[in-house]
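The structure appears below as structure tokens.
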Amino acid sequence: MAEPQVLKDYSCFEFNDGRWTRPVYRRGSGPAVILIHEMPGLHPLVVRFADRVAAAGMTVFLPSLFGQPGREISKGYAYGEMIKTLCVRREFDAWATDRSSPIVDWLRALARKVHAECRGPGVGALGMCFTGNFALAMMTEPAVVAPVLAQPSLPLGLGAARKAAIGVSPEEIACAKRRLADEDLTLIGLRFHGDPLVRPERFATLKATFGDRFESIELDPKDAQPAFGIPPHAPLTGNLRDSEPEGATKRAERRVIEFFRQRLVDTDPQERAPAPAAAP
């Protein structure tokens with residue numbers, strides 16, 4: 001898809017939470033799903049996945065947090081955006097083991113807005129790579145009822161503690177655990193075995209923390225579509241083997257979309273009312 005065309009079927013609005021303003025692209029109808037792009041930005045393969053979520057009967061929202069919307073991935077582009085995000089942008093914290101990035105507050109506010117507009121039982125949220133753990137941290141917003149962590153890569157860095165950390169605060173973890181139990185919710189995590197950015201220790205922490213409320217999808221790297229000249233990392237975008245409908249990565253893609261439908265669409269219509277406002 002050509003860069004000027006990749007978002008042609010989306011409308012765009014600017015969302016301001018009182019601190020930050022970011023563009024948000026929108027497509028579809030039905031309950032809301034917020035898809036938070038990976039590095040280096042809102043590239044065409046993220047949009048491809050978003051198109052499929054919209055086609056499944058949901059309204060997809062694509063916030064652009066860094067990078068150039070619609071631009072194809074290249075090594076130079078990816079490297080440049082990573083350096084800027086790590087070194088310049090204060091709304092992201094890639095190193096903290098026990099807190100989420102400040103931009104998550106903006107995402108929570110966006111979730112409140114889109115739930116009020118789209119109604120339904122709640123909002124789905126999916127983070128990828130650099131933003132993977134954002135979907136978990138967003139659960140302190142009551143509207144978020146279907147979180148997906150795709151290759152959650154934060155915190156960055158070496159050492160046993162960082163490999164096992166999930167980059168959210170104890171308060172956010174406690175809130176998520178309480179809501180998962182009280183509201184009968186679940187969350188999904190995806191990774192490739194051998195991914196150096198998402199070590200098995202991180203998924204072990206998620207399993208130990210959330211028990212059977214955490215659905216782990218861990219894929220064999222031999223099932224990945226080669227991409228970007230790096231080990232398999234992005235199961236829903238670059239390493240999705242789109243030409244094999246019954247392949248492992250396509251099954252994972254279908255499972256995520258099915259998860260959103262089960263939680264947001266295939267529910268009792270009486271449940272389709274806005275969630276109560278978050279506590280201050």
Heavy-atom distance under 4.5 Å between the side chains of [X] and [Y], does that happen here?
| X | Y | value |
| --- | --- | --- |
| Thr249 | Asn239 | no |
| Pro147 | Leu136 | no |
| Val53 | Ile257 | yes |
| Tyr10 | Val60 | yes |
| Thr186 | Phe259 | yes |
| Pro44 | Glu72 | yes |
| Ser101 | Phe92 | yes |

Using the test side chain to side chain donor-acceptor pair (under 3.5 Å), find all partners of Lys207 that sit at least two apart in sequence or belong to another chain. Glu218

By side chain to side chain donor-acceptor pair (under 3.5 Å), which residues pair with Gln262, not counting sequence neighbours?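 Gln262: side chain to side chain donor-acceptor pair (under 3.5 Å) contacts with Arg255.
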
List for me each residue that meets salt bridge (Lys or Arg N to Asp or Glu O under 4.0 Å) alongside Arg199, sequence neighbours excluded, and say none if there are none. none

Who pairs with Asp182 by salt bridge (Lys or Arg N to Asp or Glu O under 4.0 Å), at least two apart in sequence or on another chain? none

Name all pairs fulfilling the ring pair (Phe, Tyr, Trp, His ring centres under 6.0 Å) condition that reach into residues 178-204, sequence neighbours left out, sorted by first residue then second.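 Every ring pair (Phe, Tyr, Trp, His ring centres under 6.0 Å) pair that includes a residue of residues 178-204, provided the two are not neighbours, is Phe203-Phe214.
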
When rounded to the nearest 0.5 angstrom, what is the spacing between [atom1] in [X] and [atom2] in [Y]?
| X | Y | atom1 | atom2 | answer |
| --- | --- | --- | --- | --- |
| Ile188 | Leu206 | CD1 | CG | 13.0 Å |
| Glu81 | Phe130 | CD | CZ | 10.5 Å |
| Glu141 | Leu110 | CD | CG | 10.0 Å |
| Leu126 | Leu187 | CG | CG | 11.5 Å |
| Leu190 | Glu215 | CG | CD | 8.5 Å |
| Thr85 | Met82 | OG1 | CE | 7.5 Å |

Any Lys/Arg nitrogen of [X] or [Y] sitting under 4.0 Å from an Asp/Glu carboxylate oxygen of the other?
| X | Y | value |
| --- | --- | --- |
| Lys250 | Glu244 | no |
| Arg179 | Glu183 | yes |
| Glu117 | Arg26 | yes |

Within the distance-only criterion (no hydrogens, no angle test), does the side chain of [X] pair as donor or acceptor with the backbone N or O of [Y] below 3.5 angstrom?
| X | Y | result |
| --- | --- | --- |
| Asp17 | Ala109 | no |
| Arg213 | Leu185 | yes |
| Ser29 | Thr59 | no |
| Arg261 | Ala56 | yes |
| Ser100 | Val168 | no |
| Arg202 | Ala165 | yes |
| Ser153 | Val198 | no |
| Asp98 | Ser169 | no |

Which residues share a ring-ring contact (aromatic ring centres under 6.0 Å, His included) with Phe15, sequence neighbours left out: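 ring-ring contact (aromatic ring centres under 6.0 Å, His included) check on Phe15 returns Trp106.
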
Polar contact flag, side-chain donor to acceptor under 3.5 angstrom, Asp9-Tyr25: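 Short answer, no.
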
Is it possible for you to say whether [X] and [Y] belong to one hydrophobic cluster, with membership spreading through side-chain heavy-atom contacts below 4.5 Å?
| X | Y | answer |
| --- | --- | --- |
| Leu158 | Trp95 | no |
| Leu240 | Phe49 | no |
| Val88 | Leu154 | no |

What pair of heavy atoms forms the shortest contact from Pro121 to Val145, and how long is it? O-CG1, 4.0 Å

Checking Arg71 against Tyr77: charged group under 6.0 Å from the ring centre and within 45 degrees of the axis?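 Yes, Arg71 and Tyr77 form such a contact.
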
Does NZ or CZ of Lys113 fall inside the cone over Phe61's six-membered ring, less than 6.0 Å from its centre and within 45° of the axis?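 No; the conditions do not both hold, so Lys113 does not lie above the ring face of Phe61.
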
Run the numbers on Glu246 and Arg251 for salt bridge (charged side-chain N to carboxylate O under 4.0 Å, His left out), then give the verdict. CA-CA 6 Å; Glu246 299 308 315; Arg251 291 197 303 271; 5.7 Å; no

Contacts of Thr21 that satisfy side-chain contact (heavy atoms from CB on, under 4.5 Å) - sequence neighbours left out: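 Listed in chain order: Glu14, Asn16.
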
Quick one: list whatever passes side-chain contact (heavy atoms from CB on, under 4.5 Å) with Glu91, sequence neighbours left out.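 side-chain contact (heavy atoms from CB on, under 4.5 Å) list for Glu91, sorted by chain: Trp20, Arg22, Arg89, Ile103.
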
For residues 31-40, which side-chain donor-acceptor pairs fall under 3.5 Å, sequence neighbours excluded?
from, atom 1, to, atom 2, distance (Å)
His37, NE2, Leu65, N, 2.9
Glu38, OE1, Gln151, NE2, 2.8
Glu38, OE1, Thr237, OG1, 3.4
Glu38, OE2, His43, NE2, 2.7
Glu38, OE2, Thr237, OG1, 2.7

Note: with side-chain heavy atoms under 4.5 Å as the link, the other cluster members for Tyr79 come out as Ile83

Pairs of donor and acceptor atoms involving the side chains of residues 222-233, under 3.5 Å and at least two apart or interchain, shall be tabulated with distances.
from, atom 1, to, atom 2, distance (Å)
His233, ND1, Asp195, OD1, 3.4
His233, ND1, Asp195, OD2, 2.5

Give the intermediate values and the outcome of side chain to side chain contact (heavy atoms under 4.5 Å, CB included) for residues Ile173 and Ile166. CA-CA 10 Å; Ile173 291 172; Ile166 56 178; 3.9 Å; yes

Enumerate the salt bridge (Lys or Arg N to Asp or Glu O under 4.0 Å) contacts for residues 145-173, please, sequence neighbours excluded, ordered by first and then second residue.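 Only Arg108-Glu172 qualify under salt bridge (Lys or Arg N to Asp or Glu O under 4.0 Å).
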
